[in-house]
Amino acid sequence: VYRIPANVLLLLDTGGEQNLAKDVRLTRSTAQALVSSLQTDDQIAVIQVNNQVELLQDWTTSRIELVKSLDNKLLPGKRVALVKGLKESKGGVVVDIDHLIKRNSIKDALAQREREFMEITAETGGSVGLPTSANELIAQTGEVARRIDSQYVISYKPTRPMNSATENEYRKIDVIP
């Protein structure tokens, strides 16, 4: 059993057309919390989605480069191109804080976005977290990192060839964490 480093694409929604109260600082803090929870050999890229879809950080394992990109390049925008960003990125970890700042004027748009996320989740085998506070959002990054890190490759090399095994032969395999 061995661990394969993950390739994690962060797709950060910083568009404010639907929710002018959206706080880019919270998006940044959440992304930084997730990055710090991932394994050091995981590769991470960051895409910002607002007026346009923009690559902020190409694939890297350097946490210093990632934090620098998040601090210096992550900016708010006026419009949301999230669906376009999802299509262009073909998935990834999406940080969308609109659900935390629910306002009556955007309830329909949030409900539509939630349905879209649920469809994408069903199609990709992912998961959706709907935190009710900023603290809960940041706390959930540890669980997201754990899920990302829970995929392993298991290999087996028999001591004698499989074609010499008897029918229904039992072979014990120990998995060591």
Side-chain angles (χ1 to χ4, degrees), residues 5-103 106 109-121 123-149:
N7 294 314
V8 179
L9 172 63
L10 293 179
L11 185 62
L12 306 178
D13 173 12
T14 59
E17 179 179 73
Q18 306 248 332
N19 191 349
L20 298 176
K22 187 186 293 187
D23 186 351
V24 172
R25 289 175 297 197
L26 179 56
T27 302
R28 183 181 294 115
S29 296
T30 304
Q32 288 172 341
L34 177 59
V35 164
S36 68
S37 298
L38 294 169
Q39 299 294 319
T40 56
D41 57 347
D42 290 340
Q43 287 209 66
I44 305 167
V46 180
I47 291 178
Q48 147 174 284
V49 180
N50 50 44
N51 305 355
Q52 60 188 4
V53 177
E54 178 185 6
L55 179 66
L56 296 187
Q57 177 61 57
D58 206 350
W59 294 105
T60 185
T61 57
S62 170
R63 300 313 190 253
I64 293 170
E65 283 182 44
L66 284 160
V67 169
K68 192 178 198 181
S69 292
L70 290 168
D71 284 344
N72 299 327
K73 298 178 183 176
L74 190 67
L75 302 169
K78 294 187 193 286
R79 295 183 303 141
V80 179
L82 188 58
V83 173
K84 181 180 178 190
L86 283 169
K87 288 178 182 173
E88 288 185 17
S89 69
K90 297 180 177 69
V93 176
V94 179
V95 177
D96 178 19
I97 66 168
D98 279 338
H99 282 87
L100 294 181
I101 312 167
K102 291 183 179 177
R103 294 181 7 203
I106 61 168
L110 289 177
Q112 176 61 30
R113 184 176 296 169
E114 191 171 319
R115 284 190 296 275
E116 291 168 354
F117 280 150
M118 293 303 187
E119 286 176 25
I120 291 167
T121 300
E123 290 174 10
T124 62
S127 63
V128 172
L130 299 173
T132 57
S133 70
N135 288 338
E136 190 179 329
L137 175 67
I138 292 172
Q140 284 184 2
T141 61
E143 174 61 19
V144 171
R146 188 192 67 72
R147 288 182 183 191
I148 289 169
D149 193 42

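Residue numbers count from 1 along this sequence. These figures come from a predicted structure and were not determined experimentally.
- Here the CG-NZ distance, from L56 to K73, works out to 6.5 Å after rounding to the nearest 0.5 Å.
- Judged purely by atom type and a 3.5 angstrom limit, N72 uses its side chain to pair as donor or acceptor with the backbone of K68.
- S69 places none of its side-chain heavy atoms less than 4.5 Å from the side chain of V46.
- Contact record, G142 with S37: CA-OG, 4.1 Å, taken as the closest heavy-atom pair.
- Annotation: side chain of T141 is not in contact with side chain of Q32 (no heavy-atom distance under 4.5 Å).
- Taking CD from Q48 and CG from L70, the interatomic distance works out to 9.5 Å, rounded to the nearest 0.5 Å.
- By the 4.5 Å heavy-atom criterion applied to side chains, L26 and I138 are counted as neighbours.
- Rounding to the nearest 0.5 Å places CG of D149 at 6.0 Å from CG of D42.
- The shortest side-chain heavy-atom distance between L10 and V35 falls under the 4.5 Å cut-off.
- A distance of 8.5 Å separates CZ in R115 from CD in E119, rounded to the nearest 0.5 Å.
- To the nearest 0.5 angstrom, R28 atom CZ is 5.0 Å from L74 atom CG.
- Checked for salt-bridge contact, R147 and E143 meet the test: a charged N lies under 4.0 Å from a carboxylate O.
- Contact check for Q57 versus V67: no side-chain heavy atoms found under the 4.5 Å cut-off.
- Proximity of V53 to I47: side-chain heavy atoms (C-beta onward) are separated by under 4.5 Å at one or more points.
- Here I44 contributes atom CD1 and L38 contributes atom CG; the two are 4.5 Å apart, rounded to the nearest 0.5 Å.
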